[in-house]
Amino acid sequence: MMKKLLYGLVCCCSLAYGQNQDTSDVLMLNDDWSFSQVGTEKWLPATVPGTVHQDLIHHKLLPDPFYGTNEKKIQWVEDEDWEYKTCFVVTEEQLKRDAAQLFFEGLDTYADVYLNGSLVLKSDNMFVGYAVPVKQVLRKGENLLHVYFHSPIKQTLPQWSSNGFNYPADNDHHEKRLSVFTRKAPYSYGWDWGIRMVTSGIWRPVTLRFYDVATIADYHVKQLSLTDQVAKLSNELEINSISEKEKSAEVLISYSLQGGKEVTVKKNVTLKPGLNKIHIPLDIQNPVRWMPNGWGEPHLYDFSAQVICDGKTIASRQHRIGLRTIRVVNEKDKEGESFYFEVNGIPMFAKGANYIPDDALLPCITTERYRTLFRDMKEANMNMVRIWGGGTYEDDRFYDLADENGILVWQDFMFACTAYPSDPTFLKRVEEEAEYNIKRLRNHASLAMWCGNNEILEGLKYWGWQKNYTPEVYENMFRGYDKLFRGLLPAKVQELDEGRFYKHSSPYFANWGRPESWGIGDSHNWGVWYGKKTFESLDTDLPRFMSEFGFQSFPEMKTIATFAAPEDYQIESEVMNGHQKSSIGNDLIRTYMERDYIVPEKFEDFVYIGLVLQGHGMRHGMEAHRRNRPYCMGTLYWQLNDSWPVVSWSSIDYYGNWKALHYQAKRAFAPLLVNAIQEGDSLNIYLISDMLEKQSQLTLEMKVIDFNGKTLDKEVIKAVEVPMNTSSCIVRKPLDTWVNPEQRKSSFLLLSLKDKSGRKVAEEVYFFDKTKNLELPQTAISMKVKQLDGKCELTLSSPKLAKDVFVQIPVQGARFTDNFFDLLPGENKKITITSPEIKKGESLNITVKHVRDTYN
């Protein structure tokens, strides 16, 4: 398994994890830690960054939390206090420096920090970093650092006891809903896809930094205006001088142009004791714009700021900056109220997913896992990801990769699905958290917007909370909502990230049970799933922007095998129910499967058909949203990933395996899409483009083919044009003119869009009936294998249709160029599987399955 800076006081640190910090002497303090359960005096080696759960698992003092029903066996950890300690050496030369600051990038959550017998910090927020001036308590030679973590449960029990009511935090898997009182990742208390693992620990790096004269507390490259001719910027620095006298200094701002040429501007300044705010204007001629994935290169400029005093660089900071305009168009119109993203002046259809934390144990997420996740998004033709409000503000590596890959970020503040307190202490914590994270993230080109919370206003209005509370308590929840989400947070965004769009909740009006609301803003449509509506309802239940909708599936069998034994391979076994956090989940999967598929008897086949069901059902919705642009201008499905191996709405499982949903999202999000849909008595063909150039001289070939490979009908349309950034219907024909009722069960429509050279630029296979009504043939798939180190090349063929072919190998995270595809009669289908675990000459157990294989 894997804010301000106040000189001389403890403060939230605006230096972000992973960013280049001031030029100084830096000690990394991530090694040689030990930990102990308070009261035992039994000290064992610890890992930092890490959590107490990881350390206990490493020492075999906790079972694998993900296996079987072990979740129940780890709950005692959250009720205990834990201590961490280390020692480090400071030299006489380091002590001669003007100042020393201890930086904790992340403490989870209630922690007392002692250095050489002095209490230097009391933390109470997982979402901020802390900078502590410590020169006065450092010693030459060995120094002792000790962190005492209070149980987040015991720490908040007095608040709960004196509150007088239980907050409606239904995802908190405890009878006492304590999570709302703590500024800590809500999902760690449990969710309807999540394990309860309430962590403590030093979850981000620790450093000790020695420096002289001054430090750069914050550096913001603020874009004032942008045209094709010039980008006008303001370099805004906060420089904290520790000198008792004024000091003359020079500030240098440098950036690199394409080709490597470096441009520098200088400003002479006088640094006064304390905090100095410096503004340095800068123009870039003929700027190269940052573009989202699918529209061009996400060009980035490397910027640096240096402070020079007495001929010596005393502080520096670096950022990678993208120049672009992003406008969220949220305006009243004849159909209600629009909601879409305009990037560099062009309306963009948003294609993507909702992201949850990628692990229940956050320090387990490696840089390589982040890179793989962004590769997954980019390969699936996504241009946006929503960081959902029940997790955490992501690591800097996440936003750097979003910048580099052209993936826009919808950023929630960390509030979800429940009312929250609004007392002065709570609001002060939130203000510090907002300031820290806005400053940390505002330089990122990918940051598209801020959102106050997930579904809280909808919950207040429509989830029946008023039935469980007195009118006074219920009304106070609304007042608290306004303080937090209409008052404090938008004020901080306006102050620190002026011009960035903020909305107080998602959704803030639309509700899936109220059709009159669908034309206003963004929507979360849970009519499919909780409302048991058909996937076809997504054709008509249309939002202006779909920011959430989803459907569950089990992960594939090799992932199930990591948490269950063969005797647990039953849908309603104790282990399967332990890995299904939606109380209605397994029944709903079966209900939907019965509508569209022949339900298999074998558990393994049920899992496979469930993956196929999820993929096709969700693709139906994505294509409906794209088909109905510009009325609908975005589709972000729930959810991209998993935080542990579980039955969930994800398109990628915990081990990085793409489910059918991710392959279908890649198809549905293709830049150029040909899409067939039955509307009334007609079968209509749409051409949909997200490309920035008109596509001309195309040929659309339409063939009706039976399952044995015989062509029953063919029609060709030449000189087809597809305008940029549009959806248009180019063929409307009565269904009966395509096929007769009998042929619907034994044939499909193959749609091929080709350019003037004959190259296929888009393709769709359309079936005229539900899968359970099709007369799928028995067929044998032949397979040729070429295996090399790191990859395996397969060529598959079948004399008859093989529907929804699933190729499996027993290697977690292996990547397939394609999977869950229809193998057409007589077609040679080539796919490549890559993984470092594939070795030339070693046996690789490849299995191939298609829908007909699951029939008795």
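What you are looking at is a predicted structure, and each value in this text was computed from that prediction instead of being measured.
Under the 3.5 Å distance criterion, the side-chain polar atoms of T227 are matched with a main-chain donor or acceptor of Q229. The main-chain N or O of G389 is never found under 3.5 Å from a side-chain atom of N454 such that the two would form a donor-acceptor pair. Between the side chain of D497 and the main chain of R500, no donor-acceptor pair closer than 3.5 Å is present. Checking side-chain atoms of E693 against main-chain N and O of M691 turns up no donor-acceptor pair under 3.5 Å. Under a 3.5 Å cut-off, the side chain of Y631 and the backbone N or O of E335 do not form any donor-acceptor pair. No side-chain donor-acceptor contact under 3.5 Å links D359 to the backbone of L362. Of the possible donor and acceptor atoms, one in the side chain of S338 sits under 3.5 Å from a partner among the backbone N and O of V329. Side chain of N293 to main chain of M382: a donor-acceptor pair is present (N/O by atom type, distance under 3.5 Å, no hydrogens or angles). With Y420 contributing its side chain and A416 its backbone, the two residues share a donor-acceptor pair below 3.5 Å. Panel note: side chain S547, backbone S523; a donor-acceptor pair is recorded below 3.5 Å.
Closest heavy-atom contact between P347 and W295: O-CH2, 3.5 Å. Closest heavy-atom contact between L672 and A762: O-CB, 3.6 Å. Across R626 and A668, no two heavy atoms sit closer than the pair NH1-O, 2.7 Å.
When only modelled atom types and interatomic distance are considered, N354 and R386 share a side-chain donor-acceptor pair under 3.5 Å. A donor-acceptor contact closer than 3.5 angstrom links the side chains of T367 and R397. Between S648 and D642, the side chains place a donor N or O and an acceptor N or O closer than 3.5 Å (distance only, hydrogens not considered). A donor-acceptor contact closer than 3.5 angstrom is absent between the side chains of S446 and Y399. A donor atom on one side chain and an acceptor atom on the other are found under 3.5 Å apart for H620 and D539. Between the side chains of N641 and S650, no donor-acceptor pair of N or O atoms lies under 3.5 Å. Using a 3.5 Å distance cut-off with no hydrogens or angles, the side chains of W388 and E548 do not pair a donor with an acceptor. Inspection of the S728 and T726 side chains reveals no N or O donor paired with an N or O acceptor under 3.5 Å. In this structure, a donor-acceptor pair under 3.5 Å is present between the side chains of R629 and N725. For R429 and N125, the side-chain atoms include no donor-acceptor pair closer than 3.5 Å. Using a 3.5 Å distance cut-off with no hydrogens or angles, the side chains of Y393 and R440 do not pair a donor with an acceptor. Side-chain atoms of Q494 and Y502 include no donor-acceptor pair closer than 3.5 Å. No donor-acceptor contact under 3.5 angstrom links the side chains of D541 and W518, judged on distance only. For the residue pair H504/Y481, the side-chain donor-acceptor check at 3.5 Å is satisfied.
Residues passing the side-chain contact (heavy atoms from CB on, under 4.5 Å) test with T372 are E368, D376, R815, sequence neighbours excluded. Residues satisfying the side chain to side chain donor-acceptor pair (under 3.5 Å) test with T182, not counting sequence neighbours, are Y110. Considering only residues two or more places apart in sequence or on other chains, K483 meets the salt bridge (charged side-chain N to carboxylate O under 4.0 Å, His left out) condition with none of them. With sequence neighbours left out, N171 forms a side-chain contact (heavy atoms from CB on, under 4.5 Å) with W191, D192, C417. For Y686, the side chain to side chain donor-acceptor pair (under 3.5 Å) partners are E679, not counting sequence neighbours. For N286, the side-chain contact (heavy atoms from CB on, under 4.5 Å) test picks out no residue, with sequence neighbours left out.
Using a 4.0 Å cut-off between charged nitrogen and carboxylate oxygen, E435 and K439 count as a salt-bridge pair. Looking at E721 and K694, a side-chain N of the basic residue comes within less than 4.0 Å of a carboxylate O on the acidic one, giving a salt bridge. With respect to D403 and R320, no salt bridge is recorded, no charged nitrogen being found less than 4.0 Å from a carboxylate O. Look at E764 and R619 and you find a salt bridge, because one of the NZ, NE, NH1 or NH2 atoms lies within 4.0 Å of a carboxylate O, short of that distance. We find that R442 and D218 are joined by a salt bridge, their nearest charged nitrogen and carboxylate oxygen being less than 4.0 Å apart. Salt bridge status for K492 with E495: present, with a side-chain N to carboxylate O gap under 4.0 Å. Checked for salt-bridge contact, E342 and R327 meet the test: a charged N lies under 4.0 Å from a carboxylate O. A salt bridge is absent between R544 and D522: the closest approach of a Lys/Arg side-chain nitrogen to an acidic carboxylate oxygen does not fall below 4.0 angstrom. The residues K351 and D690 are annotated as salt-bridged, a charged nitrogen and a carboxylate oxygen being separated by less than 4.0 angstrom.
Contact annotation: the side chain of I356 never approaches that of Y187 to less than 4.5 Å [non-hydrogen atoms, C-beta and beyond]. The closest side-chain heavy-atom distance from K222 to E498 is below 4.5 Å. For the pair L661/Y637, a side-chain contact is recorded, criterion being any heavy-atom separation below 4.5 Å from C-beta on. Taking 4.5 Å as the limit, every side-chain heavy atom of D412 sits out of range of all side-chain heavy atoms of N453. Using a 4.5 Å heavy-atom cutoff, the side chains of E236 and Y219 are not in contact.
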Practice task
For I321 and N443, run side chain to side chain contact (heavy atoms under 4.5 Å, CB included): C-alpha distance rounded to whole Å, both residues' side-chain angles, the deciding distance at 0.1 Å, then the answer.
Solution key: CA-CA 7 Å; I321 302 302; N443 280 296; 3.9 Å; yes

Problem - Trace of the ring-ring contact (aromatic ring centres under 6.0 Å, His included) decision for F669 with H625 - result: CA-CA 11 Å; F669 290 163; H625 302 148; 9.6 Å; no

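Note: F374 and F398 have perpendicular aromatic rings, judged against thresholds of 30 and 60 degrees for the angle between ring planes. Between W410 and F341, the ring-plane angle classifies as tilted under the 30° and 60° cut-offs. Using cut-offs of 30° and 60° for the angle between ring planes, the F551 and W529 rings count as perpendicular.
K232 NZ: 12 or fewer foreign heavy atoms inside a 6.0 Å radius.
Atom CZ of F339 and atom CE of M633 lie 11.5 Å apart (nearest 0.5 Å). Interatomic distance, CD1 of I346 versus OG1 of T325, reported as 8.5 Å (0.5 Å rounding). H279 NE2 to L282 CG: the interatomic distance, rounded to the nearest 0.5 Å, is 15.0 Å. For the atom pair CH2 (W463) and CD (E458), the distance works out to 5.5 Å, reported to the nearest 0.5 Å.
Taking the centre and axis of the six-membered ring of F415, the NZ or CZ atom of R183 falls inside the cone set by 45° and 6.0 Å.
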